[in-house]
Amino acid sequence: MADIQAKKNEFAWVKDKLTQWLKEDPEMAFAMGAIRALTEVVKASKAETMMGLQIELEAASRVLGTVHTSLSLKSGAELFLRYVTRAYLDIPDFNQCKSKLIERGEQLRTKTTSSRKQIAFLAEPFIRDGMVLLVHGFSRVVCSVLIAAAAKEKRFTVYVTESRPEPNGHRTVETLLKHNLPVTLISDSTVGAIMDKVDMVLVGAEAVVENGGIINKVGTYQIGIVAKALGKPVYVAAESFKMIRLFPLRQRDIPNRKAAFEPAQPTGVTQEQLQNLSVESPDLDFTPPHYITLLFSDLGVLTPSAVSDELIKLYG
Amino acid sequence: MSSWKSGSRLSGSNLSGSYDDDVKLMERVLDSRQGGSKGGSGLNQPFTALKFGGGGNSDDDLTIESGAAGVAAAEKRNIRRSSGSSGLPPLAPNSTPSSAPVSIPNASSSSGAASVASSAGASPGAAASPPAASPGASGQKLKQTQKPQQQQQSQKGAKQEKQQGKAGEKSADVASSPSDNAGDKQQTKRKQSVSGPAAQAAAKGAGAANSAAASNSLKGSKPTQYDDPKQLQKAQKKQILALELSTKQVPLFAHLPQYERPKVSITERLMATAATNQASLQANLHPKIIRLGLKYVSRQLQGSNARTIGMLKAFKHFIRDHENVSGKTMAIDLDLKLRPVIQFLIDCRPLAIGMGNAIKYLKRQIGATTTMEDNEAKQFLISEIDRYIQERIVYADEAICATTADQIQDGDLILTYASSHVVEASFKRAKAAGKNFQVIVVDSRPRFEGKTLLERLTAAGIQCSYVLLNAVSYIMKGVDKVIMGAHAMLSNGQVYSRCGTAVVSMVAAAQNIPVLICCETYKFADRVQVDAISQNELDDPDSLCSSDGGEDKLAGWKSNDSLKLLNLVYDLTPMEFVSMVISEVGLIPPTSVPVVIREYQLRTQEQIQQDRAFY
């Protein structure tokens with residue numbers, strides 16, 4: 001423990017590198033950035049034993065956690081560390097193992113685009129001609145699915161929620177408009193009103209949890225409940241590295257972050273009266289698995305219960 | 001027989017039929033026998049051959065370290081040790097030592113198996129083991145016709161074994177032995193034919209046969225339907241201890257056995273059964289086993305973990321004291337000798353699902369000892385049993401406690417039902433970690449298990465409330481989590497637990513309160529049930545009668561035609577009501593129970609391979 005704490009200072013350069021990469025390539029998934037950074041750590045490592053290397057990687061991943069609180073960053077790091085442990089069990093020779101890790105890390109880098117391609121390939125048949133979709137938040141995976149479907153010359157309309165307070169929905173709208181897709185922008189509260197017109201809901205995920213539920217932009221849970229009440233399927237498009245070993249039972253069990261922006265405060269009140277005002281603006285919410293119909297991931301099209309199966313296979 | 005009759009006139013022997021008295025009597029007799037060879041004329045050979053390890057203080061062997069403190073206390077209260085022998089005759093009936101191997105008929109499946117063997121050639125497989133099948137028929141006539149065939153088979157088997165010495169074939173033997181308690185000839189045949197091709201695959205590699213056999217052994221055997229007179233007869237012929245069947249049963253549950261509280265002592269019933277059943281007569285039960293059985297009947301040993309550990313420890317004694325005089329390998333002999341033991345335990349009280357899994361594991365390990373010397377095999381099996389207890393129960397409980405304690409947050413109001421040892425330990429651990437929480441204990445008649453839990457939790461300084469099951473919907477509001485234990489987890493994600501668990505889960509789910517079930521993986525059953533009726537346990541309906549003081553309104557229920565009492569022990573909680581299962585592999589949704597079973601099976605294959613390579 002103390003070792004890890006001490007070592008953290010050594011890895012400030014990791015932080016800088018990651019920030020730089022994220023700036024250069026905004027399309028890069030956070031998890032991939034984490035894996036790339038950790039691969040660099042392995043390359044630069046002077047450790048002689050696996051134990052030493054693992055301590056360094058632990059310290060580095062903690063430093064990375066401070067760059068961005070994205071859950072997928074954490075899950076990517078966890079995934080790589082898990083792979084390290086596994087690889088060492090298979091390849092007891094340290095130097096051989098180290099080079100294998102570097103090789104694998106490089107391989108995983110290219111996985112981002114390939115994951116998204118795979119997901120788009122799997123999800124696109126679910127979008128049929130004349131369908132009405134509802135999307136929430138800004139997810140690059142979801143956008144790639146829609147773009148792939150459009151490329152197949154399917155005609156469909158997309159309702160995009162604003163996803164306030166940022167509002168993230170506007171980024172989705174921009175991306176889709178750039179690919180000439182017809183979109184309808186609605187405010188978050190209109191979801192209930194238009195749900196009966198919708199054929200399916202498609203969302204991304206920040207993280208996919210142990211029981212197959214997802215942690216995503218706040219508002220996803222609401223949409224899930226309304227969709228279930230009206231019998232509409234909810235599909236989630238998420239890469240496999242977003243699956244994390246977390247098992248939240250209720251909303252308060254998720255590592256919650258405050259949104260980047262808060263709802264606007266009322267203007268017609270005095271300072272003193274403002275004392276009574278408190279603002280809650282969570283960034284994420286948790287959608288339990290029974291509101292989710294299917295998950296599209298690079299491992300295939302999964303039911304929520306299959307997520308745990310994959311996690312058990314991966315993490316033992 | 002005569003020696004036994006004299007035994008029944010012993011001073012202090014109590015014929016009132018109370019369980020406590022039975023156990024006291026047993027203890028005195030067992031301890032006296034352990035003291036020395038002063039057993040009188042009735043001692044039969046197998047018993048003199050037994051070496052009583054551990055001396056007189058062997059009760060501590062059965063004390064469960066994993067903390068069933070109440071059980072240990074009960075033991076201390078009810079069991080008095082007597083020193084010295086009193087010349088009492090042994091309790092098990094006389095029998096000829098060598099008859100055991102032949103007494104279990106192989107029925108027609110042996111001939112089927114023989115043909116498979118000859119066709120398979122190099123892989124003796126399923127055929128090699130004469131006792132390989134089971135309990136299908138048990139008539140005397142059949143036995144005699146099978147005898148010569150048996151002996152032939154056993155010789156052939158022994159020869160082949162010596163030639164091959166492969167452990168792979170044993171697995172096929174092991175595979176068919178779990179059909180022990182099924183009693184259906186057809187079933188046995190089917191199993192044999194299934195393990196036949198499996199055995200043929202053994203020629204390709206021990207692993208293949210083993211996996212097929214292991215998967216066979218993990219398939220549930222068909223339980224006896226007690227309302228079918230034919231099946232009932234068959235089952236009764238097999239019984240080592242025949243308790244009196246209840247005369248008044250609820251028709252819906254007539255397929256399950258319900259026994260009257262015995263009017264004579266259990267040991268007398270054991271003798272009575274021996275008079276009619278060959279199997280019982282030749283059982284030669286180890287005293288530890290008899291003692292264990294009595295504890296089951298009298299409910300002194302309660303709770304899946306306690307019962308399983310008790311059973312495994314008794315098996316250790318049994319294995320240690322077992323002398324292989326049969327001329328076959330230890331594996332075959334032990335497998336054969338274990339059957340009456342297991343049958344006896346079942347007759348005392350139906351096996352817990354975890355116990356069944358432990359037995360399957362033990363049989364698999366017995367199958368792995370074919371190439372070992374007798375003593376080596378014994379050592380191996382004893383250490384394997386120890387390992388099972390340590391890994392699958394003790395350490396698993398540790399892991400579960402740690403995880404559950406983490407789930408408990410400051411300020412939580414937690415609800416629990418009845419009494420689960422691992423849930424209790426988790427609460428104590430969370431308390432020790434300084435968490436501030438309160439517990440509501442929900443309890444129910446007739447067992448009132450929650451009372452002991454309440455006592456222990458309050459002793460640990462945890463703030464508790466206590467309600468009966470009828471108040472659960474009232475008390476549920478404001479509860480943060482419901483944490484309960486389980487008897488078993490079924491493959492379709494349902495929870496098989498103490499009767500009342502389903503109600504508590506349903507009420508919690510209706511109010512969106514998460515339900516956490518703590519269950520060790522050794523209790524994960526590779527079977528599916530959709531209701532609590534097809535398989536269950538019926539307890540004594542008379543316990544529903546008593547009330548605290550006042551007039552017992554149900555006293556005359558037996559003579560009342562319109563009234564039947566039902567005392568169910570377990571119920572089934574649907575998967576939808578359960579949020580999370582906490583086991584030693586971590587937190588899993590109930591849908592992942594079959595995944596864990598599958599992964600464990602795969603791991604065990606590897607382990608068995610490794611063990612084989614080692615030995």
Side-chain angles (χ1 to χ4, degrees), chain A residues 75 78-79 81-82 85-86 89-90 92 207-215 221-222 224-225 228-229 236 240 243-256 285-295 299-316, chain B residues 399-400 403-404 406-415 478-483 489 491-494 505 508-509 511-518 521 524 574-603 606-607:
Chain A
S75 79
E78 238 179 67
L79 198 71
L81 287 172
R82 172 74 197 169
T85 324
R86 261 232 173 122
L89 289 172
D90 291 333
V208 179
V209 295
E210 192 95 44
N211 57 1
I214 58 164
I215 297 177
Y221 181 35
Q222 248 162 244
I225 294 174
K228 184 156 180 129
V236 175
S240 58
M243 294 182 189
I244 57 172
R245 289 231 88 173
L246 188 67
F247 203 134
L249 291 168
R250 325 171 91 163
Q251 299 303 319
R252 55 184 129 126
D253 291 336
I254 59 169
N256 222 331
D285 66 19
F286 164 60
T287 309
H290 50 271
Y291 294 113
I292 297 168
T293 318
L294 288 175
L295 289 108
L299 297 171
V301 179
L302 308 172
T303 55
S305 39
V307 171
S308 178
D309 192 337
E310 294 298 327
L311 278 169
I312 289 175
K313 281 200 292 211
L314 183 63
Y315 286 96
Chain B
I400 294 173
T403 322
T404 315
D406 276 340
Q407 290 290 314
I408 298 172
Q409 285 144 9
D410 254 340
D412 266 354
L413 177 60
I414 308 202
L415 189 137
V479 167
D480 289 301
K481 311 185 163 68
V482 175
I483 304 181
M489 290 294 305
S491 280
N492 55 350
Q494 320 253 39
S505 308
Q511 301 195 21
N512 265 320
I513 295 167
V515 174
L516 282 60
I517 302 287
C518 300
T521 58
F524 284 12
M575 189 179 66
E576 302 83 68
F577 299 153
V578 177
S579 314
M580 181 200 280
V581 175
I582 306 177
S583 68
E584 70 266 29
V585 304
L587 310 168
I588 53 172
T591 47
S592 288
V593 166
V595 176
V596 172
I597 295 175
R598 183 193 74 210
E599 294 293 311
Y600 251 108
Q601 276 181 28
L602 294 174
R603 213 170 289 167
E606 292 163 15
Q607 217 163 39

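These numbers come from the heavy atoms of this one structure, side chains and all, not from hydrogens, waters or symmetry mates. Since this is a predicted model, take the numbers as computed values, not measurements. Throughout, protein chains are lettered first and strands after them, A, B, ... in sequence-line order, and every chain is numbered starting at 1.
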**Report entry** Interatomic spacing from CG in A:D309 to CD1 in B:I588 - rounded to 0.5 Å
**Finding:** 11.0 Å

Query - B:E576, part contacting chain A, at a heavy-atom distance under 4.5 Å - result: neither

Query raised in the report: Going through the distances and angles, do B:L516 and A:L249 end up as a side-chain contact (heavy atoms from CB on, under 4.5 Å)?
Result: CA-CA 10 Å; B:L516 282 60; A:L249 291 168; 3.5 Å; yes

Query - Minimum-distance pair of heavy atoms, taken over all atoms of A:D253 and B:Q409 - result: OD1-NE2, 3.6 Å

Query raised in the report: Is there side-chain contact between A:R252 and B:D480, with heavy atoms separated by less than 4.5 Å?
Result: yes

Query raised in the report: For B:S592 and A:S308, does a side-chain donor sit closer than 3.5 Å to a side-chain acceptor?
Result: yes

Query raised in the report: Is B:P589 close to A:F247 at the side-chain level, that is, under 4.5 Å between some pair of heavy atoms?
Result: yes

Query - Straight-line distance of B:L587 CG to A:L311 CG, nearest 0.5 Å - result: 11.5 Å

